[in-house]
Student: 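One structure is given below, represented as structure tokens, and several questions about it will come after.
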Amino acid sequence: MNAPAPLLRGLKRLAGPLAGTAAAPLALALALALGSQFNEFPLGIQAGIAVLATVWFLRRRQGAGSLTGWRLWLMGLACALGVRWQYGYWFGQESGVALVALLVWLKWLEARGERDERLVAALTLFLLTAVFLRGQTPLHALAAFAGAGLVLLACARLTLSSFPTQPSGRLDRDVGRTMAWAIPFALLLFVLVPRVPGPLWGLPADARAGKTGLSETLEAGSIAQLARSDEIAFVVEVLEGELPAARYWRGPVLEVYDGRSWKPSPWRVPNPALEATQGPAQVRYRSLQEPSDLPWLFTLERTHALSGAVDVERTATGSWRARQPLLQRTLFTGEARFGEALPENLTPAAIRALTFLPPQVNPRTREAGEALAREHPQAEARLEALAAFFRARQLRYTLTPPAVARDSADAVLFDTRAGFCEHFADAFAVMARAAGLPARVVLGYLGGERNPANGTWIIRQADAHSWVEVWLAPHGWVRVDPTAFAQPERAERSLGEVLLEREGLPLLLRPEWRWAWRLRAQLEAWEYAWNVWAAGFDAERQHRLWRSLGWRPDRALGWALAATGIALALAALLAWWLQRPAASRDPLERQWRRFCRLMARRGLARDPAEGPLDYGERLMRHFPQASGEIEALLRPYLQARYGGTLTADEAAAAMRRALRNLRRRLPQEKSA
Amino acid sequence: MISRGAAPWREGLERWQRRRAAASAGTFTVTHRTLYILPTAAGAGFALTLFVLWLLAINYSLSLGHALVFWLAAVAVMAIPATAANLRGVAIDVGEPEAVFAGERLRWPVMLRAGAPRFRPLELTAPGAQAVALLTPSLGSVRVFLEQNAERRGLVRLGRLRVATRHPFGWFRAWTLLWPTTSAWIYPRPEPQAPPWPAAASLAEETGALSQGIRPGEEDFADLRPWRAGEPLRRVLWKIVARGGPRMLSRREGPAAGTVLLRWNDTLGAGDVEARLSRLCAWVLAAHHQHLAFGVELPDGVLPPDRGEAHLHAVLRRLALFPPEAA
């Protein structure tokens, strides 16, 4: 109550008669809940919340009674229609939260007693939890937990509303202490209560997705857009081994070409040869992937095993795909080997499909490809010649290539001779197909920075990349990165170092901003720890923790349930112990109580109404052999207490001595 | 009066609670034996809220949502002993209220003392009476009054007293039950417009002008002032009380003279037993007010004439305990 005094004074003046009532913390909690997601609401909802909150505030401040009748119903109807109008549908996650955000004020306008206010408190708790739907950063957590604390305070004040005076300062401290004691037990519950894997009822269609990221198709310019975003795509922690120098993170593989864009094949024969890639891992890593709209997991090239909370499958193209879009932050562990081609035995039909080019598109590139095929009947030599052709074109690597309407491969190779990775990949794949080599485009990320603060690798959206895989008869699919022909360093160095033009790159990717980069690295290290241990603590993480404690996950459920029960029982016990009457600080009183306890154990408890003199006389009658000691104990007590001739400390010392002698005099305890 | 039309289990429950409460007589100190605690409706509502939030956290895999729900649940668990601790060690003493006439309000003084310094908001409930008490670390003991309507004359007890608390969050109610053994006197209601006692009632020689002159109900209301606690009841104008007014006194002292014997048989015209007692009561008060020595003759005995506060109360108690079915 002392540090932010001016702020508190201002708040109190603003609150007027609301200060000290249950409504004040509840209103603050609602402000936190709605304020931290205010930007996410459409403008109409924002206006509605602002109007209702103002109406509520003014009415409460003036002490106007509760609102009832047709006006309330009308407002409720208006809110529902407003939500329908703003979102275009009735039921969904976003519209549901918006509706509650509006109705909570109506309920409060109508509130008449403690029960109604408690309902408002429950709705506020719902809105506070909904904050986490928007994000789970430390700031979101701070807002939600502070808000929940305020709701609890409001509950406490509501409980006391029947009392004439409410010493709110004392009450707040009491409530705060109870909330603080709950923290260690909340942590225990967090770790021990078995997580139920969601979702339970399926996510609504409008459940939030990632804003940026790769798409599933490749078109000119689709990746260059991303190069300007320094948002994190995923963070990788190496558990065993070392990452290779060229770190290709593989995503969707695009095998269908329609003359303009590359798409994943909707129908694909299975690839039994992939089974052969099992074997001892050269590197084991853990990746924390940010939410996105797509089901693809970006894995290190040649990742042959993957485990995590989500249900994943390995596609025939060797990428990893979840059954649902990865709308949540996803944590998984991968194992990989490098240096090998991805095996596959293609049937002639498959080879035809994978060398298909639509007619009349990119005529010059096709012609050049067909010429190469005639010159080099052997596949490896043809690929070599293809690479040499690309190198000889001296393509320029740029973020802002000239716009191309159609025949993109022709334009890049013969007209503009400049492009970004997607242009090169597109041109190379087209030309390889024209040369009779089965080819496909891979989307993913390349590189990543090592965070010196915690040793993780951070891969940003700016690291998005695309490259080509070409099938060579005995080996299988071999990676070819045509961007490397234009800019050989790109594969092992970051975009910022490579791109000399610095055309609109994020500031922090520029080399001279190293200090800021380091600061950000530290922040991102903390963010990673937060995401893994707090925001990302899921069933998989929990099982790993149990395993490290020596519990087998199949039996761990029972263990965890038992531990939860024990934790709750301990919580209650500790609270009981903490709330027992405090030992008296008065030394005199302490000795007196010791004496009473000693006697009580011998079956002579002091009657509550019995004064020390009467009690002493009764004891002396009972233990005549110890009457001297009893008197020696009583006298200093009475003198200090009622006579004032002795100080409390002196008397306590005398009592302690007398008590020691008395113990020796008395017979053993009754039970003995 | 609690188990009105009660099911057998309810009676059994009360017997069990009474047995536990009887363990401490006199000053009643709340211990774990006499402390009961159960969730309230608000607590059930909070549990339901937590359950819904938990489902929300599961469905959207909100790890921090789980953390929030678990923290709130831990707070709720901590609230159980915190609620019980409000009541544990509280000493409850129900004092004897001042005697009143039927129709007045009976004020039971309840003294509450705390074992250890703590913020303890307590709610007291007895049949027909409610009060709140707030013990704070700086205010270790407090006296509150439970006001009951004094309906029937006699020697009454408070009945079942419940001291409860819902602090800190209102999700649990801890309470203790006691049946205080202190009792209170309720005298019969004085008849408002009582006729004067028959002339034959006056025994002594100086009967006549004086005692008949100032008949009950003819006081001079010129200078009245409110009665203050501790002042003799003799000077209270009972006529006003009987009409439901406050206790007032007149400064005028009636002269002390004469002796009357107020007879049960003379009240025959009043009606049933209660009405006759009311009339007797009015006469007794009038006689006391006029400083007469008065005696009362009842079917089961005679109270010899005397004067003074003690005699008045003795007579009124006798009237209060008059068997209801006697004729």
Side-chain angles (χ1 to χ4, degrees), chain A residues 93 114-115 118-119 122 125-126 128-130 132-133 136 140-141 144-145 148 152 155-156 158-160 162-165 167 170-171 174-175 178-179 181-183 185-186 189-190 193 195-201 203 207 328 534-538 568 571-572 575-576 579-582 608-609, chain B residues 24 26-27 29 40-42 45-46 48-50 52-82 84-86 88-89 91 114-119 121 123 132-134 136-138 165-171:
Chain A
Q93 176 196 314
E114 189 188 321
R115 235 184 63 191
R118 280 192 190 268
L119 188 57
L125 282 180
F126 172 82
L128 284 165
T129 312
F132 293 131
L133 292 170
Q136 300 196 55
H140 286 107
F145 277 86
L152 294 185
C155 283
L158 277 177
T159 310
L160 277 195
S162 59
F163 283 75
T165 52
R170 177 71 211 179
L171 169 72
D174 247 29
V175 172
T178 311
M179 292 195 286
W181 285 342
I183 290 173
F185 297 103
L189 290 178
F190 187 69
V193 174
R195 292 299 170 88
V196 181
L200 296 175
W201 61 82
L203 302 174
Q328 312 294 334
F537 191 85
D538 54 8
L568 285 177
W576 186 269
Q579 313 232 355
R580 79 207 188 285
Chain B
S24 79
T27 300
T29 306
T40 58
F46 186 72
L48 185 70
T49 308
L50 284 192
V52 168
L53 295 186
W54 188 52
L55 291 185
L56 188 77
I58 288 175
N59 199 53
Y60 292 96
S61 310
L62 301 175
S63 179
L64 293 180
H66 279 100
L68 187 69
V69 169
F70 291 152
W71 180 57
L72 292 173
V75 172
V77 171
M78 301 303 262
I80 301 172
N86 294 332
R88 223 155 51 95
R118 205 183 145 74
F119 182 74
E123 292 163 4
V132 292
L134 194 60
T136 60
S138 53
T165 180
R166 291 187 306 148
H167 177 74
F169 297 110
W171 303 324

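Chain letters run A, B, ... following the sequence lines, proteins first and then strands; every chain starts at 1.
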Student: Which atom names give the shortest non-hydrogen contact between A:F163 and B:A133, and what distance separates them?
Tutor: CE2-O, 3.4 Å
Student: Between chain A and each of B:L62, B:T40, B:T165, count heavy-atom pairs under 4.5 Å; write down the option with the most.
Tutor: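 Sorted descending by pairs with chain A, the first entry is B:L62.
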Student: Measure across B:A74 and A:A186 and return the closest heavy-atom pair with its distance rounded to 0.1 Å.
Tutor: CB-N, 3.9 Å
Student: With the side chain counted from C-beta on, respond yes when A:V175 and B:F169 share a heavy-atom pair under 4.5 Å apart, and no when they do not.
Tutor: yes
Student: With a 4.5 Å heavy-atom cut-off, do B:Y60 and A:L133 have their side chains touching?
Tutor: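 B:Y60 reaches A:L133 side chain to side chain.
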Student: Indicate yes or no: at least one non-hydrogen side-chain atom of B:P121 is less than 4.5 angstrom from one of A:L160.
Tutor: yes
Student: Report the C-alpha separation of A:D174 and B:H167 in whole Å, then their side-chain angles, then the decisive distance to 0.1 Å, and conclude whether the side chain to side chain contact (heavy atoms under 4.5 Å, CB included) test is met.
Tutor: CA-CA 10 Å; A:D174 247 29; B:H167 177 74; 3.1 Å; yes
Student: Drop me the distance from A:T129's OG1 to B:L56's CG, to the nearest 0.5 angstrom.
Tutor: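 The distance works out to 6.5 Å.
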Student: Atom CZ in B:R166, atom OG1 in A:T159: separation rounded to 0.5 Å?
Tutor: 5.5 Å
Student: Side-chain contact test, heavy atoms from C-beta onward, threshold under 4.5 Å: evaluate it for A:L189 versus B:H66 and give yes or no.
Tutor: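 Side chain of A:L189 against side chain of B:H66, heavy atoms only: no contact under 4.5 Å found.
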Student: Is A:H140 close to B:L64 at the side-chain level, that is, under 4.5 Å between some pair of heavy atoms?
Tutor: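 Side-chain contact under 4.5 Å: no.
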Student: Would you compute the distance between atom CG of A:L125 and atom CG of B:L50 and round it to the nearest 0.5 angstrom?
Tutor: 7.5 Å
Student: Top residue by heavy-atom pair count (under 4.5 Å) with chain A, among B:V69, B:L48, B:V132?
Tutor: B:V132
Student: Any side-chain heavy atom of A:L152 within less than 4.5 Å of one from B:L72?
Tutor: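 Yes - at least one pair of side-chain heavy atoms lies under 4.5 Å apart.
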Student: Testing the basics here: between B:G170 and A:R118, what is the closest heavy-atom pair and its distance to 0.1 Å?
Tutor: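 Smallest heavy-atom distance, with atoms named: CA-NH2, 3.6 Å.
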Student: With a 4.5 angstrom heavy-atom cut-off, is it the side chain or the backbone of A:R115 that approaches chain B, or both, or neither?
Tutor: neither
Student: If you compare all heavy atoms of B:E123 against all heavy atoms of A:S162, which two are closest, and at what distance to 0.1 Å?
Tutor: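 That would be OE2-OG, 3.7 Å.
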Student: Assign the ring pair B:W71 / A:F145 to parallel, tilted or perpendicular, where the plane angle (0 to 90°) is split at 30° and 60°.
Tutor: tilted
Student: After noting the C-alpha distance and the side-chain angles of A:F126 and B:T49, does the key distance pass the side chain to side chain contact (heavy atoms under 4.5 Å, CB included) rule?
Tutor: CA-CA 8 Å; A:F126 172 82; B:T49 308; over 6 Å; no
Student: In terms of heavy-atom pairs under 4.5 Å, which option from B:A73, B:S63, B:A57 contacts chain A the most?
Tutor: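 Option with the top pair count is B:S63.
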